[in-house]
Every structure is written in C-alpha cells, then in structure tokens.
Amino acid sequence: MALPDAERIAEVRDKGRLVELARAAGVAVPETWQPDGVDALRDMADDIPMPVIVKVRRGVAGVGLEKVESREELLGTFARMVERFCLDAGEMPIVQALAPGEDYCVTALFERGEPRGSMTYRNLAKLSDGGPGAVRETVEAHAAEAATRKL
C-alpha cells in the first residue's frame, strides 16, 4: 500500500499547518487567520473582509467547513465549531478568505519525494453544500499539479 509515514501525514492533516508549509514552499494560499480562541477572533474580526470560510483544522469531505457573510456570523460559527467539535487550545478553526476561480482537487503519488503520477478533478455535484463530491470530472490543471509538486 502506498502510504506516507505518520509524521508526514500529521504535517498536512492540520489545515493551519498546511497553510504554513504551502507558504514556505512558495505555493499561493488565500489570506488566512489563525485565532487562538473566540476572544482573539473577536479582536481581529473587524479587520477580516467578508465573506470568508471557517474551517476546522482536521475536517474532511466538507465537514467543519462553513462560508460566512458577516462579522456576527463569523463569531457565531467559530464558537459553534469550537463547541460542536470539542476543540481545545491549539485546535481552533482557521478563517480563510475566498479564493477566486474554480475548485480543483489534485491527487498525487510520490515515491521518496519524486512524482510518480497525478490526477486532477473538479466536483460537478456535491452531496451537500460544501460537502464531498458526488459526481466528479477529471480535468487538466497544470498549475494546480505544479503547486502540488512544489509542496
């Protein structure tokens, strides 16, 4: 089975850490805020342009991912996620600006850092708003694949 070691998985499982790794690798990422709690978010909320996405750090398939349109909705959604997912310090959700363009997903296989294959797709239909893809189309997205290789 092609599977990286647990240390490599842990490096990218946390979306906040993944943003930091992507930036360090020179991969473009949307503006991201990583408040350490509800009070910290309240202090910075006036400076965050809406709309944004609130994401739990370890969610998959659209779980723990919500688009918000206002400061009040941002604060309420963030607090609800902290409670719903029983998040402790260091696990707080991240807040990300919306990125223009289409949403692509790149799946890649590397062997000791060398690319062996990749496939990029976009979701044509989802099971729910922001949820996992139900119908997907394979596409060419060379820029997305290049970013994956950089990362």
Side-chain angles (χ1 to χ4, degrees), residues 2-115 118-123 126-133 136 141-151:
L3 188 65
D5 61 41
E7 183 179 312
R8 293 283 181 224
I9 293 171
E11 278 185 320
V12 297
R13 185 172 175 229
D14 180 310
K15 291 178 178 74
R17 177 75 177 122
L18 181 57
V19 165
E20 293 165 4
L21 289 170
R23 281 188 182 137
V27 175
V29 295
E31 189 167 1
T32 304
W33 297 266
Q34 299 191 45
D36 61 8
V38 175
D39 290 337
L41 178 60
R42 189 174 292 110
D43 291 343
M44 64 177 73
D46 287 335
D47 298 323
I48 299 175
M50 297 296 144
V52 292
I53 303 292
V54 182
K55 300 178 180 181
V56 294
R57 291 175 173 268
R58 291 183 175 83
V60 295
V63 173
L65 178 90
E66 245 181 271
K67 178 181 174 184
V68 298
E69 304 280 346
S70 69
R71 179 185 190 278
E72 295 72 27
E73 194 178 2
L74 170 61
L75 295 171
T77 298
F78 189 94
R80 276 192 308 281
M81 283 186 180
V82 169
E83 185 176 322
R84 175 178 175 207
F85 295 100
C86 302
L87 302 176
D88 293 323
E91 298 178 320
M92 294 294 115
I94 67 170
V95 178
Q96 265 186 337
L98 294 177
E102 292 190 58
D103 184 18
Y104 293 99
C105 300
V106 178
T107 301
L109 178 65
F110 289 79
E111 181 178 8
R112 293 177 180 78
E114 293 298 317
S118 65
M119 184 272 298
T120 304
Y121 66 90
R122 67 185 182 112
N123 291 310
K126 294 188 175 190
L127 295 177
S128 64
D129 186 32
R136 296 173 173 167
H142 300 293
E145 291 171 8
T148 301
R149 286 189 299 276
K150 248 184 175 177
L151 184 59

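Just so you know, these numbers use all the heavy atoms, side chains as well, and skip hydrogens, waters and symmetry mates.
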With heavy-atom distances below 4.5 Å as the criterion, would you say the side chains of [X] and [Y] are in contact?
{"X": "Leu109", "Y": "Glu111", "value": "no"}
{"X": "Leu18", "Y": "Val29", "value": "no"}
{"X": "Gln96", "Y": "Lys15", "value": "no"}
{"X": "Arg71", "Y": "Arg42", "value": "yes"}
{"X": "Val95", "Y": "Val68", "value": "no"}

request  = Kindly indicate, with the supporting measurements, whether the criterion side-chain contact (heavy atoms from CB on, under 4.5 Å) is fulfilled by Leu87 and Arg57.
outcome  = CA-CA 10 Å; Leu87 302 176; Arg57 291 175 173 268; over 6 Å; no

ask   = With distance as the sole test, does Arg84 use its side chain to make a donor-acceptor pair with the main-chain N or O of Arg80 at under 3.5 Å?
value = no

Please give me the minimum heavy-atom distance between [X] and [Y], naming the atom from each residue.
{"X": "Glu69", "Y": "Pro51", "answer": "OE1-CB, 3.6 Å"}
{"X": "Leu151", "Y": "Val27", "answer": "N-CG2, 4.2 Å"}
{"X": "Glu73", "Y": "Lys67", "answer": "OE2-O, 3.9 Å"}
{"X": "Phe78", "Y": "Met92", "answer": "CZ-CB, 4.0 Å"}
{"X": "Gly16", "Y": "Ile94", "answer": "CA-CG2, 4.0 Å"}
{"X": "Arg149", "Y": "Pro115", "answer": "CD-CG, 3.9 Å"}

First locate atom [atom1] of [X], then atom [atom2] of [Y], and finally report the distance between them rounded to the nearest 0.5 Å.
{"X": "Leu75", "Y": "Asp39", "atom1": "CG", "atom2": "CG", "value": "10.0 Å"}
{"X": "Met50", "Y": "Leu98", "atom1": "CE", "atom2": "CG", "value": "10.0 Å"}
{"X": "Met81", "Y": "Glu91", "atom1": "CE", "atom2": "CD", "value": "14.0 Å"}
{"X": "Leu74", "Y": "Leu41", "atom1": "CG", "atom2": "CG", "value": "4.5 Å"}
{"X": "Ile48", "Y": "Thr32", "atom1": "CD1", "atom2": "OG1", "value": "10.5 Å"}
{"X": "Ile53", "Y": "Glu66", "atom1": "CD1", "atom2": "CD", "value": "9.0 Å"}

Charged N-O contact under 4.0 Å between Glu20 and Arg23 = no

task = Mark yes when over 12 heavy atoms from residues, nucleotides or ligands other than Arg13 sit less than 6.0 Å from its CZ; otherwise mark no.
result = no

